[in-house]
*Asks:* 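First the structure, then my questions, so here it is.
In this text the structure is predicted, and so the values were computed from the model without any measurement. Because only heavy atoms are used, hydrogens play no part in the values below, and waters and symmetry mates are left out as well, while side chains stay in. Convention: sequence-line order gives letters A, B, ...; per-chain numbering from 1.
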Number of protein chains: 2
Amino acid sequence: MTTPDKPAPKRAAGRKALAPWRAIRADILSRIQSGDWGPGSHLPKEVDLAASYGCTRSTVSRALRDLAEAGFLERRRKGGTRIAENPVRKARLDVPLLAEAILRAGHTATCRTLRAGMRPLPAAVARRLGRPAGLPVFEVLTLHLADDRPHFLEHRYIDPRLAPGVEGADLTASGIDVWLLHNAPFSRLEIALSAVPARGEVAEALNLPPQSPCLLMERASWRREQPLGLLLLYHAAGVPVLAHL
Amino acid sequence: MTTPDKPAPKRAAGRKALAPWRAIRADILSRIQSGDWGPGSHLPKEVDLAASYGCTRSTVSRALRDLAEAGFLERRRKGGTRIAENPVRKARLDVPLLAEAILRAGHTATCRTLRAGMRPLPAAVARRLGRPAGLPVFEVLTLHLADDRPHFLEHRYIDPRLAPGVEGADLTASGIDVWLLHNAPFSRLEIALSAVPARGEVAEALNLPPQSPCLLMERASWRREQPLGLLLLYHAAGVPVLAHL
DNA sequence: CAGTGGTCTAGACCACTAG
DNA sequence: TAGTGGTCTAGACCACTGA
């Protein structure tokens, strides 16, 4: 882009020859952040931007789409492109396998199944999943250890009809999450984070004084439009969950 | 796609006429989730997929790129495309303006500035930001209320050199976050979530019993590659942060 | 070094929606 | 209803990387 007719040395010399659409994205982003374009203001339409950058509309479109997905821009068919008023910025939250999260932190990951078996779905969980209470579900309580010290506690309720065979899953080699990944992958995931006091078996398993703060991550998952199960994941206080923009 | 030579009625009749690349994405995803393609296995190369779907490589590419960004696939130039072994699924975490988060929940949003002024950067914050302790920074402590009840406590440290004019910002009309959005937008954001006990002024401001669990969201932001500031956001226990896949 | 994905072009049709 | 973005095609060159 920006080159007239010669073969173009693919980008003078400078850095690492950013791909054109990335360069355009960076340019527009810098204009937004420098204040050239304030929140709510309109950008030129794609065709005009393409002309000014000396490339095709597709290339500009790629850059704008990316910025829109990141939450910086809002686009509408006839309304054009504008700087987002309320930047509901979209941060990315990594959701790794449980053992992997520990390994990444540089620890040895092991886990111990504390309890596993069928039981009627508790009312509180039923409400969260939109399932009738009392439904027979498979429950697993697993303690994950980092370097042999309690790291987090995994408490799952799984609908066996959507995960045929869970009851016989081998939980000695790896966590139930690995089994689920291979045998009953979810298609939708909803995550809620909150802080709760450690109580009863949670406090005991994590070796925390009762009432001490615990980070609770609730993950409700769906499979084929149906509620597959609920995961309650308790982190000892202070273990952070990371996201980035 | 999948149409031979006739003009094509743009997609039989069924639903809402999904765009071709979306249809392809859905098809591949369903094949992954039905177990046709297990974790680690290879997908056909783009050209072959394009042929089998009866469309161009670009269209297939669009679908595969999207799945790769979502964490379902891993792609390499000569290595081809394969089902992700460890699906570090990427969930989206909404990061709205503070007042907006309250409004969305259907409450009236107001805020009260408890403290604002210059002070030396505390050591703990300095470490988190990679800045020398003692650096003069602007500190703001704001209580956000939902229907006049304490909802969350916002504690900010801002480097005034990267946000010229903060010291004189009008904090009566709207929160400091709105001011920052217009005057010193960040370019990078790192979020960490943890559970902490409510202590001192945090407990007092949120009207919580001391030591009760609090959800702490730390947001470190950068501007032009430099640390702009740190936000410590305390939610009363139980207020959830939502993400989705 | 050869194969695969990454990206760009030039052009086209279409869907949504603001005015 | 007209203007804008959303998407597709057909083809091309190039960058990265596995064998």
*Asks:* What integer distance in Å separates Arg57(B):CZ from dG3(C):P?
*Replies:* 15 Å
*Asks:* Calculate the interatomic distance between Glu46(A) atom CD and dA10(C) atom P; express it in whole Å.
*Replies:* 16 Å
*Asks:* Where the side chain of Asp170(A) meets the backbone of Thr172(A), is there a donor-acceptor pair that is under 3.5 Å apart?
*Replies:* yes
*Asks:* Quickly work out the Arg62(A) CZ to dC8(C) P distance and round it to whole Å.
*Replies:* 7 Å
*Asks:* By nearest heavy atom, map Arg22(A) and Gly79(A) onto DNA chain C; which one lands nearer the 5' end?
*Replies:* Arg22(A)
*Asks:* Counting only N and O atoms by type, is there a donor-acceptor contact under 3.5 Å from the side chain of Arg223(B) to the main-chain atoms of Gln33(A)?
*Replies:* yes
*Asks:* What is the distance, to the nearest angstrom, from the CZ atom on Arg77(A) to the P atom on dC14(C)?
*Replies:* 13 Å
*Asks:* Examine distances only and state if a side-chain atom of Asp36(A) and a backbone atom of Ile32(A) form a donor-acceptor pair shorter than 3.5 Å.
*Replies:* no
*Asks:* Taking the minimum atom-to-atom distance to the side chain of Arg75(A), which one of dA18(C), dG5(D), dT4(C) wins?
*Replies:* dG5(D)
*Asks:* Minimum heavy-atom separation for Ala192(B) and Arg128(B), please, with both atom names.
*Replies:* CB-NH2, 3.8 Å
*Asks:* Starting the side chain at C-beta, find the nucleotide from dT9(C), dA18(C), dT7(C) nearest to Thr59(A).
*Replies:* dT9(C)
*Asks:* Quickly work out the Leu49(B) CG to dT4(C) C1' distance and round it to whole Å.
*Replies:* 12 Å
*Asks:* Any side-chain to backbone donor/acceptor pair from His42(A) onto Gly79(A)? Under 3.5 Å, distance only.
*Replies:* yes
*Asks:* What's the CZ-P distance between Arg65(A) and dG6(C), to the nearest Å?
*Replies:* 14 Å
*Asks:* Just compare dT9(C), dA10(D), dT7(D) and give me whichever is closest to any side-chain atom of Thr56(B).
*Replies:* dA10(D)
*Asks:* Nearest whole Å is fine: how far is dT9(C) C1' from Tyr53(A) OH?
*Replies:* 18 Å
*Asks:* Is there a side-chain contact between Lys78(A) and the phosphate of dC16(C), meaning an N or O under 4.0 Å from OP1 or OP2?
*Replies:* no
*Asks:* Find the partner of dC13(D): check Watson-Crick (N1-N3 plus N6-O4 or O6-N4) and G-U wobble (N1-O2, O6-N3) distances, both under 3.5 Å, and reply none if neither fits.
*Replies:* dG6(C)
*Asks:* Using the closest heavy atom to pick a nucleotide of DNA chain D for each, name whichever of Gly80(A) or Ser58(A) lands nearer the 5' end.
*Replies:* Gly80(A)
*Asks:* Mind calculating the distance between CZ (Arg82(B)) and C1' (dG5(C)) to the nearest angstrom?
*Replies:* 14 Å
